[in-house]
2 protein chains.
Amino acid sequence: MPTNIPTDLLRAFVTVIDLGGYTRAAEALGRTQPAISQKLRRLEAIIGQPLLLAEAGQIRLTDAARTLDTLARQMLRINDDIAASFADERLSGWLRVGVPTDFSNAFMLQAIADFAAAHRGVRIEVSSRASRDLRTALAAEELDMIFAIAPEDGMPWLVQSFRVTPFWAISAAVQLDPAAPVPLLRHPDPCEYADRMRSALRDAGRPWRTLLVCNDVEGLVAAVRAGLGVTALTPATLAAGLRRADVGDGLPPLAPLRIGLFYKHARLSRAGHGLAQSLLARLI
Amino acid sequence: MPTNIPTDLLRAFVTVIDLGGYTRAAEALGRTQPAISQKLRRLEAIIGQPLLLAEAGQIRLTDAARTLDTLARQMLRINDDIAASFADERLSGWLRVGVPTDFSNAFMLQAIADFAAAHRGVRIEVSSRASRDLRTALAAEELDMIFAIAPEDGMPWLVQSFRVTPFWAISAAVQLDPAAPVPLLRHPDPCEYADRMRSALRDAGRPWRTLLVCNDVEGLVAAVRAGLGVTALTPATLAAGLRRADVGDGLPPLAPLRIGLFYKHARLSRAGHGLAQSLLARLI
DNA sequence: ATCATTGCATAATGGATTCTTATGCCATGC
DNA sequence: GCATGGCATAAGAATCCATTATGCAATGAT
């Protein structure tokens, strides 16, 4: 007989974190402040460890709380999926979505566009920046929902993550000279893909030369297609005229990275949950 | 303010399905039969639709119930993950795990072996069969937990699924003759990979010839390495001496398939949940 | 330094929820 | 025709949970 963790306790937990206080969480959830206090206490009793430390007007998370935070958000996402599956209401609202520059590709935009087409009442504003800027923007509530690279050691507001393995892309018409340094085309630093290309080459003892630094993926793809050099792409960004390159071309495999969906449950509208569900269904 | 779906209602729901009756579910959950009845009624009130129809000693699921079943199991899996995260107990027991023949590769076995090494009290018996046989075995409770190909139209006991995109593998030393029929190495029918290879070739108007039919992946890989022909592999099964082949080699892309983890919540021990969690963390 | 303010904890009460016991109903099978 | 197994329903009892009222600690302003 497994332990059932009441959903409303988890909801209270993440709401307190999202809104930074018991009193504000109580307002948002339509309860009084002592009710939230008791919910947190009951949750701590179930978990068997303290979770939130009230400290100088700030909420501090224990280690257990950080672990629970990620899992609780996953569980609430499914809860909201269930609710949405049977609600059958017209979604509407205004959503500010952030995607990393190196992932703002046709695939993601297509998925968002499809959702927007299916829910005409939802206005979506997509903003494309570096992952770390996206996380700052989510914290500051300038964005409602972001996809960003997820640090392996965890980070607040992570709802779901999935692995993406980048690979080398080269023009279909070109063979790499194994004697010459690898001609690298990449995004400007800081960039997870650039990091992975360099560390893979470094580990393999293969020299390289950066030939082009370009902000958007389309530019890199065009340059690769023109035969200028190689870059790291993902299955979603591999375009016509390009092929994967691998050990056969003298290029070492690239380490996988982890993309995460982040949002604050207490801040996201039903339309936001709908979009999250729709995107994750296509991504996983 | 979103709807919180009480975890215990979902637990009752899947337990009734898993054990095929209210009375048996009541025993398993340590409640009386009317308590389970009422839980189900409350869940139906939240969902807004009838879920289970008692019919001739059998439980029949409505369409809504089938939808809910998958999501409820996902939510309970996370619930049990949370419980396991803070329980910190020695796992022990006996687990019968099923993996599809075309997925019983080193990667999966390694992951299972790692878990077994970390939890010495758990004895694991891995059984490798065709996906459809695995599902029958799960239904008959000859297996506790299976990975199997998930039909797109849903199927009972699906807890989590993820996409796998197969690709063509060819010996690194060989070029395919574009004029000749594609030399196919494959598993015996029924096989999802074989289906995908044939339908991709058929759609592309490319003729093929089956050169070898072999039950296990290792045999196919050896044959591909020897230069006999091509087969469909996944990232986890791609071995040394092999390379991906793609449109550049005259081979059309293969359709992705969906692998699912299936188990009956009411039947799976804590050790089983631990293994599920451990495997999914490495797969997603 | 003092006092008001903000924010969480705690106690006690009332109400709502949910379990149990008791019982009824409807199949199926002998 | 009657017993049996299995779910539904009703009513009482126990539990759970939210509220009001109040206390306490920390912060910040005068």
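Hydrogens, waters and symmetry mates are skipped; everything else that's a heavy atom, side chains included, is used. Residue numbering restarts at 1 for every chain, and letters A, B, ... go by the order of the sequence lines.
The CG-P distance, from L40(B) to dC19(C), rounds to 12 Å in whole Å. Rounded to whole angstrom, the span from the NZ atom of K39(A) across to the P atom of dT10(C) amounts to 18 Å. Rounded to whole Å, atom C1' of dG7(C) lies 12 Å from atom CD of E27(A). Atom P of nucleotide dC19(C) and atom CZ of R31(B) are separated by 6 Å, given to the nearest angstrom. In this structure, the CG atom of L53(A) is 13 Å from the P atom of dC8(C), given to the nearest Å. Between the CZ atom of R42(B) and the P atom of dA16(C) there is a distance of 16 Å, rounded to whole Å. At whole-Å resolution of the value, CD in Q58(B) and P in dG6(D) are 12 Å apart. Here the C1' atom of nucleotide dT10(C) and the OH atom of Y22(A) are 13 Å apart, to the nearest Å.
More than 12 heavy atoms of other residues, nucleotides or ligands lie within 6.0 Å of CZ in R163(A), so this atom counts as buried by the packing criterion. Around CZ of R282(A), the count of heavy atoms belonging to other residues, nucleotides or ligands within 6.0 Å exceeds 12.
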I'd like a list of close polar pairs between nucleotides 23-25 of chain D and the protein, N/O only, cut-off under 3.5 Å.
none

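Nearest nucleotide to the A35(A) side chain, out of dC8(C), dT20(C), dT19(D): dT19(D). Minimum atom distance to the side chain of Q38(B) is reached by dT20(C), of the listed dA18(D), dT20(C), dC7(D). With distances taken from any side-chain atom of T32(B) to the nucleotides dG7(C), dT20(C), dA18(D), the minimum falls on dT20(C). Here the side chain of P34(A) is nearest to one of dA18(D), dA11(C), dT20(C), namely dA11(C).
S127(B) and R129(B) are linked by a side-chain donor-acceptor pair at a separation below 3.5 angstrom, with hydrogens and angles left out of the test. W157(B) and D18(B) are linked by a side-chain donor-acceptor pair at a separation below 3.5 angstrom, with hydrogens and angles left out of the test.
Residues meeting the ring-ring contact (aromatic ring centres under 6.0 Å, His included) test with Y263(A), sequence neighbours left out: H265(A), H273(A).
Within the 4.0 Å cut-off from OP1 or OP2 of dA8(D), at least one side-chain nitrogen or oxygen of S37(B) is found. The phosphate of dT9(D) (OP1 or OP2) has a side-chain N or O of R41(B) nearer than 4.0 angstrom.
Residues R66(B) and D69(B) are not paired through a salt bridge, judged by the lack of any N-O separation under 4.0 Å between the basic side chain and the carboxylate.
A donor-acceptor contact shorter than 3.5 Å links the side chain of T62(A) to the backbone of P50(A).
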